[in-house]
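Here the structure is laid out as structure tokens; the discussion comes afterwards.
Basis for what follows: all heavy atoms, side chains included, without hydrogens, waters or symmetry-related copies. Below, read A as the first sequence line, B as the second, and so on, with proteins coming before strands; counting in each chain starts at 1. Note that the coordinates shown come from a computational prediction; the quantities given were computed from them, not determined experimentally.
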There are 2 protein chains.
Amino acid sequence: MATSTVENYLKQILLEQQRVEGSPVPMGKVASALGVVPGTTTTMAKSLADSGLVNYAPRKGVRLTEEGEKLALHVLRRHRLIELFLVEILGLGWSEIHEEAEKLEHVISDKVLEKIDALLGFPTVDPHGDPIPTAKGKIDARSLENLSGCPLGEPLRISRITDQAPEFLRFIENNGLQPGAELKISEQNRVAGTLTFSLSKGKTLTIGASAAKKILVE
Amino acid sequence: MATSTVENYLKQILLEQQRVEGSPVPMGKVASALGVVPGTTTTMAKSLADSGLVNYAPRKGVRLTEEGEKLALHVLRRHRLIELFLVEILGLGWSEIHEEAEKLEHVISDKVLEKIDALLGFPTVDPHGDPIPTAKGKIDARSLENLSGCPLGEPLRISRITDQAPEFLRFIENNGLQPGAELKISEQNRVAGTLTFSLSKGKTLTIGASAAKKILVE
DNA sequence: CGAAGGATTTTATTTGTTCAAAATCAGCAA
DNA sequence: TTGCTGATTTTGAACAAATAAAATCCTTCG
């Protein structure tokens, strides 16, 4: 059985590789995502390759095999269902659930997971709007626009926040920018790197381009 | 911070030492309770002693220090609250919760634990009737009689089952012997080592002395 | 082309946890 | 007292995961 460490590597590789289609994930990316020194990931890459979970090309990077991806998706499913569970059932704050889920995802059995899934009514997205893989390993791969690339004036609905950092999430929460919130962009200043929009409740807000990139809408 | 392994040792030592008041817990007991070879526990005992969590007397055994006991009680609290949670909220079967809790108890944060505690209405016993230590580390130490030492004819109420083995718990469940069930002993055969009693619903059951010892009543 | 720089891999160590098997000890029995 | 037996400790080795620092390899730039 895969250790927590292995599960973390696989999950992280999955997350990295679904953002750059096709090419292998460089070891440096994996190392910084997991907070270990690069040397460690090289060692791990070899051992994952030995177990048939990734394809490893030295000096290039790794890519999940079919089996590795299946496992990674299962970990991701656990992670996201747990996050939703923590918010919906236990009433934890938006910004604190990621770390909790990070630990729980490795010890929750399938039995418990399916109970949670049922209790939540078989949801399809987690609190950040990230899609929850199904038990069979299917995941909604629909790609959304981020705020900074949207036309002015049109009504938009936030559907996903792609940054789990507590400070950022607290900012999102404090300003009512959770998935589901509706807004209209009123002004975009490319030079200043800012973007101004109004929320449905009339409030107006200005944020930087880097923050806007982390907010996906439809 | 204590690793899962350390937490397991402490919890197990606590469980052993509360059943034999005063004397140190021999290493052999610890080893078999944790399913490791005796040599391993000797090594661990020394390192726990170095951290000030136990007092270790070579060839005698270990005893928790105040600090060790505090930690152990906290682990036990997590374990028992989680068991109750799994039964009450997620609807898991009686006999399958122990193993689940065994893994979860090491990754649940205090924050989550207190949410669970509140959700359950601040319970004092887990599904097996075992007392749940408070957040402050107090535990109900009331000692109960076991079935095999009780007088005939008197009405008794089951309050605790002291064996977590799934097969035994399934037996208990199938015969309606959960904590709360009421019964009257009708016959005790010391020679045959059996004990017969009738449940409130009129059903009559005969069990062996070893099983009777694991059922505590009041 | 050749050197510089950044990313990656190697190598040698460390930490935590475990096992197998040999060595030691304590208490009891003859 | 001697010796046995069963419990405990020691010793040597393994595995998973990580680090630090030296070595190596691409790519690109002058």
Roughly, in whole Å, what's the span from CG in Asp50(B) to C1' in dT15(C)?
14 Å
Please walk me through it: do Ile97(A) and His128(A) pass side chain to side chain contact (heavy atoms under 4.5 Å, CB included)?
CA-CA 10 Å; Ile97(A) 56 179; His128(A) 313 100; 4.1 Å; yes
Scoring nucleotides 7-19 of chain D by protein non-hydrogen atoms under 4.0 Å (B base, S sugar-phosphate only, - none) yields BBBB------SSB
Among pairs that include at least one residue of residues 33-83 of chain A, which meet ring-ring contact (aromatic ring centres under 6.0 Å, His included), considering only residues two or more places apart or in two chains?
His79(A)-His98(A)
Please find the pair of heavy atoms, one from Asn175(A) and one from Leu205(A), that lie closest to each other, and give the distance.
OD1-CD1, 3.6 Å
Around Glu145(A), counting heavy atoms of other residues, nucleotides and ligands shown, do more than 12 lie under 6.0 Å from its CD?
no
Could you tell me which residues satisfy side chain to side chain contact (heavy atoms under 4.5 Å, CB included) with Pro179(A), sequence neighbours excluded, listed by chain and number?
Trp94(A), Ile161(A)
